[in-house]
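The structure appears right after this line, and notes come after that.
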Amino acid sequence: MAVIKFEHVTKNFGKITAIRNVDLEIRDKEFMVLVGPSGCGKSTLLRMIAGLEEISAGSLYIDGQIVNDLPPKDRDIAIVFQNYALYPHMTAYDNLAFGLKIRGFKKSAIKEKVLEAARVLEIEPLLDRKPKAMSGGQRQRVAIGRAIVRDPKVFLFDEPLSNLDAKLRGQMRLEIASLHKKLQATIVYVTHDQVEAMTLGDRIAVINQGEIQQIDTPQNLYNFPKNRFVAGFIGSPPMNFIDGVIRRSAKGLFFEDSSGALYAAAPQALEAYTCRNIVMGIRPEHLHVRPEKEAERYASFNAEVQLVERLGHESFAFVRLHGTPIAARLAPEDAPEANTTMTLYAAIHRMHFFDKETGKVIA
């Protein structure tokens with residue numbers, strides 16, 4: 001059982017706190033993705049699992065054993081780095097075999113493990129090549145193969161696709177997801193790319209400034225973000241945010257934007273926030289040129305179109321609503337022309353509302 005558990009873990013670099021009181025349990029055979037902006041602490045968490053960074057406070061368990069002081073070589077983990085970290089003077093075969101050789105495996109066992117990993121990753125034709133004769137994607141496969149042959153309890157991936165071009169990243173994502181199904185291994189995967197996180201993770205831990213903001217499945221993070229940071233980080237393009245205040249009228253509660261010009265019906269859950277500043281969030285794909293058929297209530301508003309990106313299968317309209325920049329994901333036939341005014345509709349049940357001071361979701 002390759003269960004990893006952080007209990008109140010903190011990591012300090014001098015006076016700087018990189019990780020602050022983190023509690024996290026990664027389940028056996030789970031694909032856990034750690035995601036967040038650069039410098040948020042996700043790679044530091046990964047390196048603590050690997051034993052490459054000491055823990056300043058708290059406890060780290062692997063399979064129920066506390067490993068705070070256990071050397072990396074005794075943790076039964078394998079790590080795949082961003083820069084591949086292959087030996088340039090060795091062939092792919094020798095790179096795959098090296099770790100097994102120093103651990104005293106017999107030649108026959110080494111050959112069996114290397115050929116099996118090469119078969120799984122479809123790199124048999126590369127075994128006689130050195131890294132300089134391989135593409136970036138091929139080098140990454142060899143680096144992953146080197147981890148596979150060790151048959152560890154835990155695989156650690158530290159932004160392994162960030163050096164690849166967009167097309168190859170998409171292909172490698174599929175291969176890593178397929179590999180997880182074949183190996184049934186515990187994988188901890190670090191990335192700053194939320195699209196990567198959403199497509200790969202069984203669960204995702206969203207991290208900001210050394211603290212875990214939310215841990216959940218990709219769909220729950222998207223549909224039910226716990227705070228404004230998660231709402232803005234998950235989704236591409238990110239969620240639109242509009243500052244405003246809750247007002248009361250004879251017809252009920254309304255959201256009024258900071259210019260005083262936009263009114264939208266607000267849910268009753270916001271009654272306690274009457275006359276208080278809040279933030280309304282709406283995703284670009286939940287803005288339409290006509291009301292949703294299934295929506296009982298919706299808000300409509302006019303916006304000034306500044307730029308339109310036509311991508312063939314979809315279009316993005318970048319507009320300004322009373323000075324606030326907004327993005328709308330539209331069908332190609334609904335795309336407006338730049339420098340015009342368009343009407344957009346948003347269903348009330350698609351809106352998110354956040355406390356302006358704390359950033360926490362309120363409805």
Side-chain angles (χ1 to χ4, degrees), residues 36-37 194 206-209 211-306 317-330 341-363:
Q194 56 92 23
V206 183
I207 303 168
N208 188 39
Q209 297 182 350
E211 297 181 350
I212 293 179
Q213 304 294 308
Q214 186 173 349
I215 307 169
D216 215 324
T217 63
Q219 203 59 44
N220 281 345
L221 285 175
Y222 178 84
N223 289 329
F224 309 110
K226 288 186 176 180
N227 58 45
R228 181 173 173 175
F229 177 83
V230 174
F233 194 84
I234 298 296
S236 181
M239 182 181 287
N240 300 302
F241 295 109
I242 302 173
D243 290 340
V245 65
I246 295 298
R247 303 290 188 195
R248 173 176 291 283
S249 75
K251 295 182 179 180
L253 299 178
F254 285 82
F255 173 79
E256 176 188 49
D257 79 357
S258 56
S259 73
L262 171 67
Y263 282 85
Q268 285 300 121
L270 295 176
E271 186 165 9
Y273 281 79
T274 303
C275 298
R276 290 172 60 182
N277 292 327
I278 66 167
V279 178
M280 186 269 280
I282 185 76
R283 295 198 180 277
E285 50 270 38
H286 294 154
L287 292 170
H288 309 280
V289 297
R290 60 190 66 85
E292 291 185 60
K293 292 180 180 179
E294 66 273 17
E296 294 181 2
R297 299 193 301 164
Y298 58 86
S300 64
F301 49 88
N302 295 324
E304 300 171 3
V305 182
Q306 295 190 306
F318 297 92
V319 306
R320 293 192 80 84
L321 173 65
H322 309 134
T324 301
I326 298 292
R329 187 197 301 263
L330 304 172
T341 299
M342 70 180 303
T343 301
L344 288 170
Y345 294 86
I348 304 304
H349 73 276
R350 299 290 193 183
M351 293 180 177
H352 301 257
F353 296 91
F354 304 93
D355 188 295
K356 187 173 177 62
E357 293 183 4
T358 66
K360 294 181 179 180
V361 68
I362 51 179

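Remark: side-chain polar atoms of Gln214 are paired, donor with acceptor, to backbone N or O of Phe224 under 3.5 angstrom. For the pair Asn240 (side chain) and Ile326 (backbone), a donor-acceptor distance under 3.5 Å is absent. Although no hydrogens or angles enter the test, the distance criterion places no donor-acceptor pair under 3.5 Å between the side chain of Arg283 and the main chain of His286. Side chain of Asn277 to main chain of Lys356: no donor-acceptor pair is present (N/O by atom type, distance under 3.5 Å, no hydrogens or angles). With Arg276 contributing its side chain and Asp355 its backbone, the two residues share no donor-acceptor pair below 3.5 Å.
For the pair Asn208 and Pro37, the minimum side-chain heavy-atom distance is below 4.5 Å. At a threshold of 4.5 Å between non-hydrogen side-chain atoms, the residues Asp257 and Asp243 do not count as touching. Under the 4.5 Å side-chain criterion, counting only non-hydrogen atoms from C-beta, Leu330 is in contact with Val289. Counting heavy atoms from C-beta on, the side chains of Leu221 and Val206 come closer than 4.5 Å. Looking at Leu253 and Gln268, their side chains come closer than 4.5 Å, going by heavy atoms from C-beta outward. Here the side chains of Phe353 and Tyr273 are not in contact, with every heavy-atom distance at 4.5 Å or above.
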What verdict does the side-chain contact (heavy atoms from CB on, under 4.5 Å) test give for Arg248 and Glu271, after you've listed the backbone C-alpha separation in whole Å, the side-chain angles of each residue and the deciding distance to 0.1 Å?
CA-CA 8 Å; Arg248 173 176 291 283; Glu271 186 165 9; 2.7 Å; yes

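Rounding to the nearest 0.5 Å places CZ of Phe254 at 4.0 Å from OG of Ser249. Atom CZ of Phe301 sits about 9.0 Å away from atom NE2 of His322, to the nearest 0.5 Å. To the nearest 0.5 Å, the span separating CD1 on Ile362 from CG on Leu270 amounts to 5.0 Å. Rounded to the nearest 0.5 angstrom, Ile246 CD1 and Phe255 CZ are separated by 6.5 Å. The structure places CZ of Phe354 at 13.5 Å from NZ of Lys360, a figure rounded to the nearest 0.5 Å.
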Pairs under 3.5 angstrom only: tabulate donor-acceptor contacts from the side chains of residues 226-236 to other protein residues two or more places apart or in another chain.
unit_1 : atom_1 : unit_2 : atom_2 : d
Asn227 : OD1    : Phe229 : N      : 3.1
Asn227 : OD1    : Val230 : N      : 2.9
Asn227 : ND2    : Gln213 : OE1    : 3.1

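The minimum heavy-atom distance linking Ala303 with Val319 is given by the pair CB-CG2, 3.6 Å.
The number of heavy-atom neighbours closer than 6.0 Å to CD of Glu211, taken from other residues, nucleotides and ligands shown, is above 12.
Taking 4.0 Å as the cut-off between side-chain N and carboxylate O, Glu256 and Arg247 count as a salt-bridged pair.
Counted by atom type alone, Thr343 and Asn302 present one or more donor-acceptor pairs between their side chains at under 3.5 Å.
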